[in-house]
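A short write-up of the structure that comes next.
Convention: sequence-line order gives letters A, B, ...; per-chain numbering from 1.
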Amino acid sequence: MLNYADFIKNNKMEHVSLFDESMDINEYDGLIVLPPPNITGNLHIGHALNAFIQDFRVRIEKTKGKNILWIPGTDHSGIATQILVEKSILPLTRMDLGREIFMDKVWEWKEKYQANIYSQLKSLNISLNWNFAKFTMDSDVQSEVYDTFYKLYHADLIYQAKKMLYWDTQLETAVSDLEVKFSTVKGKMFYIKYPLTEECNGQHFITVATTRPETMFGDKAIAVNPSDDRYRDLVGKKVCIPMTNIEIPIITDERCEISKGTGAVKVTPGHDFLDFDIGKDNSLQSVDILDSSGRLSGKFVPKEYVGLSSIDAREKLETDLMNFIDHIEDVEHQVPLGERSGTVLEPKVTMQWFVDTKSMAEKALEALDRMNIFPDYFVKLYKNWMNNIQPWCISRQLWWGHRIPVWYCGDNIIVARSQEEAQQKAIENNLVHYTLKQDEDVLDTWFSSALWPFVTVTTNDLPLNKFYPNEFLVTGHDILFFWVARMVMLGGFVKGGIPFKEVYLHGLVQDDFGKKMSKSKNNVVDPMKIVDEEGSDVLRFALLYHSVPGKNIKFGDKNIEHARHFCIKIWNLYNFIKHNVDGTVYTKVDLSSIEHDWNKWILSELQTCSAEINDCVQNWEIHRASSIIYHFTWDVLCNWYLEGAKFLLKSDFQEETIKTLCVVMKNLATILYPFIPILSSFIHRDLFGKNIDKMEMLLCPDFNYDKILFVKSVIEAVRFCKTVVTFSSIRYSSEKNYQDMYGLIEKISGISVISEHVDGFDYPIHDGFITIVVNEDAIDLLKEKIIKKYSELSEDYKRLLARQNSDEFIQNAPRSVLHDVSNRLIFLENEINKIKKIMKMWDN
RNA sequence: GAGUGUAUAGCUCAGUGGUAGAGCGCUACGUUGACAUCGUAGAGGUCGUAGGUUCAAACCCUAUUGCACUCACCA
């Protein structure tokens with residue numbers, strides 16, 4: 001027979017098709033989209049988690065009879081891809097190649113890495129339907145993107161404005177607030193003395209503190225708080241900017257904090273967010289002293305500083321300003337870094353396109369009534385973000401992306417859905433004498449991603465009313481604002497309603513020590529390597545088992561090992577069953593023909609297990625569902641039932657036990673299918689000759705659960721005693737005497753149960769005693785065990801009795817709890833009395 | 001600075017007011033025909049700290065400390 005290692009090896013070779021490619025579109029009952037991976041490289045383990053969670057749910061639905069169309073795709077991811085392609089053409093730059101040739105290079109890159117991502121997704125054995133795959137820059141997707149822009153523009157929700165934004169000097173583009181990551185670095189705080197144009201009360205200078213002295217060339221004022229007594233007399237006076245001797249006024253502004261720095265702050269409206277606002281309110285000019293690559297430039301910058309980077313200029317100023325520097329302090333401060341480029345960002349005023357998100361955010365808040373977010377604590381974050389929504393800058397000064405659908409025609413602006421339409425509009429408006437020039441910039445990647453739930457439907461010519469909203473969305477919590485929020489906003493605007501009925505946010509996969517996986521830390525776990533070595537089921541179960549909603553997963557070899565052991569356990573279970581049914585496989589079994597309580601019991605456990613998993617799935621508690629199936633398979637089925645079944649297979653109950661094994665294996669395979677689809681499909685096909693389909697409804701016959709408790713109780717007692725003494729037979733005595741279970745007990749425990757009276761040591765069990773036939777020497781060890789048990793039970797009893805004797809408890813506790821406690825007390829009392837009786841006999 | 005989450009066994013983590021749980025690790029025993037990639041048993045916990053609510057708190061509330069994350073923050 002095939003062993004597990006061979007099975008894994010064989011399955012690598014064969015591509016298991018898990019959906020029926022010929023399935024008619026009418027047979028689908030709903031749709032979901034795969035969050036499109038970036039075409040920047042390889043799938044990482046987070047993608048695998050994301051994909052497996054979706055596939056889990058898709059397969060769950062399938063076993064319930066609901067077919068979900070799952071559409072794959074990839075994202076062009078503007079900045080990230082452009083950076084990589086630029087790196088790949090070094091030492092040439094994109095300027096050297098020109099826009100057209102550079103774009104060809106990016107498209108080449110796209111083809112290569114999309115193919116790579118697709119083949120890696122396929123190796124995860126997930127049920128994506130590849131017939132409908134999309135790329136965010138496909139031309140039909142572009143039409144939808146342009147159409148959305150057009151609609152927003154004509155609804156006055158898109159506008160062009162000059163605003164201060166973070167500017168990436170390496171990529172030479174504006175970036176959105178969400179793409180800024182702050183980092184603590186060591187820097188210097190310069191205390192610079194600005195000379196007053198005329199002395200005032202003996203003062204010749206006003207001192208300001210700054211970490212960015214190089215921006216002084218753009219200073220337009222010195223501001224102090226109006227209630228700051230130290231500077232009261234200086235307000236309205238003028239100072240000179242050191243080096244350039246340009247005169248600027250001392251003004252007051254409420255936003256200056258008296259306790260910060262020296263209380264006096266240099267106002268540079270061109271290069272600081274606060275200063276920009278102060279400048280605007282005080283009619284100060286905003287001058288830009290940095291060019292797009294972050295080098296000093298312009299008429300306000302002294303010649304010897306023109307062309308220097310901020311850092312170089314700062315260094316040079318440290319010596320050049322000698323006479324003006326009061327002192328310098330070492331400080332740690334936060335600097336804004338570009339998420340992708342990692343370079344220091346500069347606040348810079350530029351003309352950009354913005355989406356006015358206010359009204360859409362309001363609708364997105366209302367959408368919460370119809371859209372469930374799991375886990376629900378993310379609702380708070382979502383609300384908080386929507387309530388503090390900022391205009392969304394959607395233009396990027398990049399080459400790779402959807403070119404902004406705006407055409408310039410002299411001083412006229414034409415917003416259109418295509419070049420042709422723009423042309424047409426130019427003709428209509430008598431603008432033909434100008435050359436039509438499309439905006440050079442591209443749209444933020446997230447703008448096109450935000451349309452994903454419906455463009456995947458419309459561009460595939462699928463019926464929107466059937467597939468939109470999507471059934472659910474599964475994604476990492478890190479892109480709640482980047483993506484989920486924007487899908488809800490734009491989806492609501494373009495198509496109305498909500499884009500998906502449920503949102504499940506999973507955590508990030510971290511390394512064993514809870515650190516983020518990154519190439520630089522060399523702690524990246526490659527999912528493809530695990531798939532290659534262990535099979536996709538192992539990776540899948542390892543991830544699902546630990547995926548608590550919203551929480552990050554610490555992932556290491558332990559997780560893999562645990563999942564591998566589980567798969568091997570199932571493999572061995574399958575081996576056992578295959579061996580024991582020996583060709584007579586029952587695919588349909590009339591459960592009413594099952595008579596033995598042991599068999600009926602496992603059927604009922606199976607049913608319970610299935611129902612519990614169902615409950616978990618409703619709430620996306622995949623980790624709990626995984627524990628339940630693990631526990632059922634390992635403990636209930638393999639460790640208890642199977643051991644008993646070994647006896648039944650050699651008894652008069654052989655045939656019905658084979659039937660039971662078949663029913664259990666068939667249904668277990670179906671339950672396991674969403675967790676470990678490859679192995680469970682294989683088992684199902686091999687034993688029952690067909691693919692897994694819908695879950696069967698099991699109508700289990702009634703059975704005597706007391707008998708099961710009896711068997712377990714005797715066996716547990718025997719095992720407990722076996723750890724201290726050796727014996728080969730016991731006698732059981734009680735009112736209820738389930739003789740028909742003796743065989744089972746003997747088989748599982750490995751001792752014989754005799755009915756004739758014997759002398760031995762009495763040991764209490766669930767419902768009576770067992771008499772252990774054992775020699776005198778060992779009795780003390782057993783006594784010790786019993787004394788320990790006695791003290792444990794007594795303590796329990798005392799505590800519980802105290803509770804039951806409390807009037808307040810009786811008055812206030814619900815009836816069911818009172819009932820439980822009194823039952824428990826009766827049980828404990830029984831146990832204790834049994835032990836007392838035994839102990840009394842010791843004395844005789 | 002504001003917010004969110006989190007603290008439970010040696011480690012990694014589940015836990016739904018009413019008997020404290022799992023995997024790994026550890027100790028002891030056991031290869032009986034699915035599985036040593038295993039089985040059985042055991043040890044190991046004032047559930048971060050301090051209050052409060054409740055008949056009853058790991059769970060609810062308040063405060064506090066540590067950690068993680070999100071947002072804001074370059075004087």
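By the salt bridge (Lys or Arg N to Asp or Glu O under 4.0 Å) test, A:R314 pairs with A:E214, sequence neighbours left out. Residues forming a salt bridge (Lys or Arg N to Asp or Glu O under 4.0 Å) with A:R564 (at least two apart in sequence, or on another chain): A:E534. Looking at residues two or more places apart in sequence or on another chain, you find no salt bridge (Lys or Arg N to Asp or Glu O under 4.0 Å) involving A:K193. Among residues two or more places apart in sequence or in another chain, the ring-ring contact (aromatic ring centres under 6.0 Å, His included) test is passed with A:H562 by A:Y545, A:Y630.
If you take CD of A:E612 and C1' of B:A14, they are 15 Å apart, rounded to a whole angstrom. Taking atom CZ of A:F720 as the reference point, atom C1' of B:G30 lies 17 Å away to the nearest angstrom. Rounding to whole angstrom units, CD of residue A:E561 and C1' of B:C35 are separated by 16 Å. Here B:G23 presents its P atom at 9 Å from CH2 of A:W634, a figure rounded to the nearest Å. If you measure from atom CG of A:D635 to atom C1' of B:G23, you get 11 Å, rounded to the nearest angstrom. Nucleotide B:U19 holds its C1' atom 14 Å from the CD atom of A:E831, rounded to whole Å. One atom, CG of A:L825, and another, P of B:G18, lie 18 Å apart when rounded to the nearest Å. Remark: C1' of B:C38 and CG of A:N575 are 14 Å apart, rounded to the nearest angstrom.
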Contacts under 3.5 angstrom, residues 793-802 of chain A side chains, donor-acceptor by atom type, not counting sequence neighbours:
| residue | atom | partner | partner atom | Å |
| --- | --- | --- | --- | --- |
| A:S794 | OG | A:Y790 | O | 2.7 |
| A:D796 | OD2 | A:R824 | NH2 | 3.3 |

Using distance only, find each side-chain donor-acceptor pair of residues 633-641 of chain A under 3.5 Å and give its atom names and separation, not counting sequence neighbours.
| residue | atom | partner | partner atom | Å |
| --- | --- | --- | --- | --- |
| A:T633 | OG1 | A:I629 | O | 2.6 |
| A:Y641 | OH | A:N599 | OD1 | 2.6 |

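On the C1' atoms, B:U46 is 13 Å away from B:A20, given to the nearest whole Å. Only the P atoms considered, B:A57 is 14 Å distant from B:G51, to the nearest whole Å. B:U4 and B:G44 have their C1' atoms separated by 34 Å, given to the nearest Å. For the C1' atoms, the distance from B:A58 to B:A14 is 12 Å, rounded to whole Å. The same atom, P, is picked in B:G39 and in B:U31; the two are 16 Å apart, to the nearest Å. Nucleotides B:G48 and B:G15 have their P atoms positioned 14 Å apart, rounded to a whole Å. Taking the P atom of each, B:G17 and B:C61 are spaced 12 Å apart, rounded to whole Å. If you take atom C1' in B:G1 and the same atom in B:A22, they sit 41 Å apart, rounded to whole Å.
Listed by first then second residue, pairs satisfying side chain to side chain donor-acceptor pair (under 3.5 Å) with a partner in residues 375-386 of chain A read A:N384-A:N388, not counting sequence neighbours. Identified under the salt bridge (charged side-chain N to carboxylate O under 4.0 Å, His left out) test for residues 256-270 of chain A, with sequence neighbours left out: A:D219-A:K266.
Distances shown here put every side-chain N or O of A:K788 at or beyond 4.0 Å from the OP1 or OP2 atom of B:A41. The shortest distance between the side-chain N/O atoms of A:H623 and the OP1/OP2 oxygens of B:G15 is below 4.0 Å. Listed pair A:K569 / B:G39 meets the phosphate criterion, a side-chain N or O lying under 4.0 Å from OP1 or OP2.
Within the 6.0 Å centre-distance limit, the rings of A:F273 and A:Y166 are counted as a close aromatic pair. For A:F682 and A:F7, the distance between ring centers is under 6.0 angstrom.
If A:Y545 and A:L637 are placed on RNA chain B by their nearest nucleotide, the residue sitting closer to the 5' end is A:Y545. Between A:N639 and A:E792, the residue anchored nearer the 5' end of RNA chain B, judged by the nucleotide with its closest heavy atom, is A:N639.
Listed candidates were B:A34, B:A14, B:G23. Nearest to the side chain of A:V548 is B:A14. For A:D796, whose side chain is taken as the heavy atoms from C-beta onward, the closest listed nucleotide among B:A34, B:A41, B:U19 is B:U19. Side-chain atoms of A:E643 lie closest to B:C35 of the nucleotides B:U4, B:C35, B:G33.
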Q: Any chance you could lay out the ring pair (Phe, Tyr, Trp, His ring centres under 6.0 Å) test for A:F555 and A:H546, step after step, and finish with the verdict?
A: CA-CA 9 Å; A:F555 195 85; A:H546 293 94; 7.7 Å; no
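Base contact: A:L642 has a heavy atom under 4.0 Å from a base atom. Residue-level contact check: A:R824 touches the bases, meaning some heavy atom is under 4.0 Å from a base atom. Among the protein residues, A:C567 comes within range of no part of the nucleic acid, since none of its heavy atoms lies under 4.0 Å from any strand.
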(Q) For nucleotides 6-12 of chain B, give me one character per nucleotide, 5' to 3': B if any protein heavy atom sits under 4.0 Å from the base, S if the only such contacts are to the sugar-phosphate, - if neither. (A) S-----S
Q) Reading nucleotides 66-75 of chain B from the 5' end, what letters show protein touch, with B for base, S for backbone sugar-phosphate only, - for no heavy atom under 4.0 Å? A) ----SS-BBB
Q. What one-letter contact string describes nucleotides 55-62 of chain B from 5' to 3', where B marks a base within less than 4.0 Å of any protein heavy atom, S marks contact via sugar-phosphate atoms alone, and - marks no contact?
A. B-------
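The neighbour count for A:K188 NZ, taken as heavy atoms of other residues, nucleotides or ligands under 6.0 Å away, does not exceed 12. Counting heavy atoms of neighbouring residues, nucleotides and ligands inside a 6.0 Å radius, atom NZ of A:K650 does not exceed 12 of them.
RNA chain B forms stems at B:1-7 with B:65-71, B:10-13 with B:21-24, B:26-30 with B:38-42, B:48-52 with B:60-64, each a run of 3 or more consecutive Watson-Crick or G-U wobble pairs whose two key distances fall under 3.5 Å.
Of the candidates A:W571, A:F632, A:F541, A:Y4, A:F541 is the only one forming a ring-ring contact (aromatic ring centres under 6.0 Å, His included) with A:F566.
Ionic pairing of A:D686 and A:K578 is present here: one or more N-O contacts between side-chain nitrogen and carboxylate oxygen are shorter than 4.0 angstrom.
The line from NE2 of A:H631 to OG of A:S626 is 14.5 Å long, rounded to the nearest 0.5 Å.
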